[in-house]
Participant: 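The structure under discussion is supplied below as structure tokens; questions concerning it will follow.
Chain letters run A, B, ... following the sequence lines, proteins first, then strands; residues in each count from 1.
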Number of protein chains: 2
Amino acid sequence: MTTRVPQENRRRRPTRSGVLLSQDLIVETALRLIGEHGPEALSVRRLGSALGCDPSALYRYFRNTDDLLLAVADRIIGDAMEGFTPGPDWVASLREMALRVRAGYLAHPRAAAMASYRVTRRENEFRAVETGVGLLLSAGFAPDRAVRLYLAFIDTVLSHAAMDAACLALPPQQREADQQAWTEVYQAADPETYPALSTARGELHAMAESSFEEAVDLLLAALAARAPGGQD
Amino acid sequence: MTTRVPQENRRRRPTRSGVLLSQDLIVETALRLIGEHGPEALSVRRLGSALGCDPSALYRYFRNTDDLLLAVADRIIGDAMEGFTPGPDWVASLREMALRVRAGYLAHPRAAAMASYRVTRRENEFRAVETGVGLLLSAGFAPDRAVRLYLAFIDTVLSHAAMDAACLALPPQQREADQQAWTEVYQAADPETYPALSTARGELHAMAESSFEEAVDLLLAALAARAPGGQD
DNA sequence: GGCTTATGTCAACACCGTTGACGCAAAGTG
DNA sequence: CACTTTGCGTCAACGGTGTTGACATAAGCC
């Protein structure tokens, strides 16, 4: 963001409680708040009191709460992708990207659920898009195909990861109840009206698990099959 | 629907403005509000004034806004799947299922975005799983594979649809800002640090669109390629 | 040391979901 | 028809939310 106030030259005045505010400190505190007390714990007022400052002070650093949320999202992306460098195998590299993003989301389940579908427009997202599109270009796809396919890939990864994160963010009681539904409620399905469910009865337990890797691998297989360079 | 408080025997008193309240009327008004005035128009207070009653009257019909939201979600699912019967072509049938789910979500974005991660365990979900697993069984997959692959498929569809709905549910200002980011902020990327972005500069506008169909088609292609019966 | 001005503070506004008390009118009973 | 019960709509209030504009004050520049 070019419009952003430079962090270094800021004329920072300590707050009432002596804390020196900064975008990084605010983002970290927000992430901590969400992680500790759930997504509903994130409000300007609570964030202010957690930082020991007036809520309105945050508006000196972020245009509004949406702006703050995008900063949090970008931070998650940055943490997830830290130290990652794409290798020569573009499929394997995209796969690792996917797993990293998912791990980053699962580390902050509640924040991830809010931010998965946003465009952060910040440096970490820039780098991730650069890396992903670059990998597809290196696979021989034309630029327009590379962009379209990267979008399909990353949207699948992000939305799937968000879904997993949302499940993880559920209260344990509710999560276990949802999982048990597949081994209990669905087992009682009437064979006449639900023949397919009956046939697959012994396998329905798999419904309780995440399909993230399966879906990513299916998608990557389809991408590999369409790569100009060959079937693999 | 039928398990709720019987609508018939209710001791319904006309509101101040003469309207007779009911669960159906409330749900329909909520959907209409969202459809006419955007997703952010749905609040208990606005819903109350749209119905010509005090906001608190709604709590006679729904435990809280969450309960109301689930009722709305149930209606959306029912509407989306109404009249659908799987055909002989399992790939085409799964594709139509996907498009129907998405259309249902997009028709009522905010409700869908808020309810997408819920497991209903109700009749409509039963029927959907039965249909989907049945289609994969008919394709020749063994039951365990059919279950796993259906899960990967439906999770991709649901999470993608939820993501699209969530984007649509954003306040217009934020949504447009997110979309413009690809044609403005990302255009200014430095060619030296972001060579791939530079190469694909003219195609980045595609990032603002939905990748739903592309992702579904990629996944279905991968499924078709793995079907025991052959590529089709 | 004085000036400018960025920045933290404060008070206020307009919303939000939810609740409890209250009175009225509809349903049930005879 | 009259009487009682009670479901329901209304009202007022509580505590929460994001955001804004006025204001003082202290940091950094000359």
Participant: Just by distance, no angles: are the side chains of B/S198 and B/R201 close enough, under 3.5 Å, to form a donor-acceptor pair?
Facilitator: yes
Participant: Atom CG in A/L33, atom CG in A/L42: separation rounded to 0.5 Å?
Facilitator: 6.5 Å
Participant: Taking distance alone, no hydrogens or angles, what donor-acceptor pairs closer than 3.5 Å link side-chain atoms of residues 96-106 of chain B to residues at least two apart or in another chain?
Facilitator:
unit_1	atom_1	unit_2	atom_2	d
B/E96	OE2	B/R100	NE	3.0
B/R100	NH1	B/A80	O	2.7
B/R100	NH1	B/E82	O	3.2
B/R102	NE	B/D164	OD2	2.8
B/R102	NH2	B/D164	OD2	3.2
B/R102	NH2	B/S210	OG	3.3

Participant: Between the main-chain N or O of A/A196 and the side-chain N or O of B/E130, is there a donor-acceptor pair closer than 3.5 Å?
Facilitator: yes
Participant: Which whole-number value in Å describes the distance from B/D67 CG to C/dT19 C1'?
Facilitator: 17 Å
Participant: Give the rounded distance in Å between these two atoms: CZ of B/R63 and P of C/dT19.
Facilitator: 11 Å
Participant: Salt-bridged, A/E209 to B/R148, with N to O below 4.0 Å?
Facilitator: yes
Participant: Applying ring pair (Phe, Tyr, Trp, His ring centres under 6.0 Å) as the test, list every pair that has at least one member in residues 172-193 of chain B; sequence neighbours left out.
Facilitator: A/F126-B/Y186, B/W182-B/Y186
Participant: Can you tell me the distance, in whole Å, between the CD atom of B/E40 and the C1' atom of C/dG17?
Facilitator: 18 Å
Participant: Quickly work out the A/Y61 OH to C/dT9 P distance and round it to whole Å.
Facilitator: 10 Å
Participant: Listed by chain and number, what are the salt bridge (charged side-chain N to carboxylate O under 4.0 Å, His left out) partners of A/E123, not counting sequence neighbours?
Facilitator: A/R127
Participant: Nearest whole angstrom, please: distance from the C1' of D/dT17 to the CG of A/L69.
Facilitator: 16 Å
Participant: Salt bridge check, A/E36 against A/R32: does any charged N sit closer than 4.0 Å to a carboxylate O?
Facilitator: yes
Participant: Using atom CG of B/L58 as one end and atom P of C/dT18 as the other, report the distance to the nearest whole Å.
Facilitator: 11 Å
Participant: Taking only N and O in the side chain of A/T65, is any of them less than 4.0 Å away from OP1 or OP2 of D/dT19?
Facilitator: yes
Participant: Give the rounded distance in Å between these two atoms: OH of A/Y59 and C1' of C/dG8.
Facilitator: 15 Å
Participant: For nucleotides 21-23 of chain D, which of its nitrogen or oxygen atoms have a protein nitrogen or oxygen under 3.5 Å away, and what is each distance?
Facilitator:
none

Participant: Could you check which residues of residues 42-54 of chain B get a heavy atom under 4.0 Å from DNA chain C? Sort them by number, please.
Facilitator: B/S43, B/V44, B/R45, B/R46
Participant: In whole angstrom, what separates A/D66's CG from D/dT19's C1'?
Facilitator: 14 Å
Participant: Considering only distance and modelled atom types, tabulate donor-acceptor pairs under 3.5 Å from the side chains of residues 47-59 of chain A, sequence neighbours left out.
Facilitator:
unit_1	atom_1	unit_2	atom_2	d
A/S49	OG	A/R46	O	3.0
A/D54	OD1	A/S56	N	3.0
A/D54	OD1	A/S56	OG	2.6

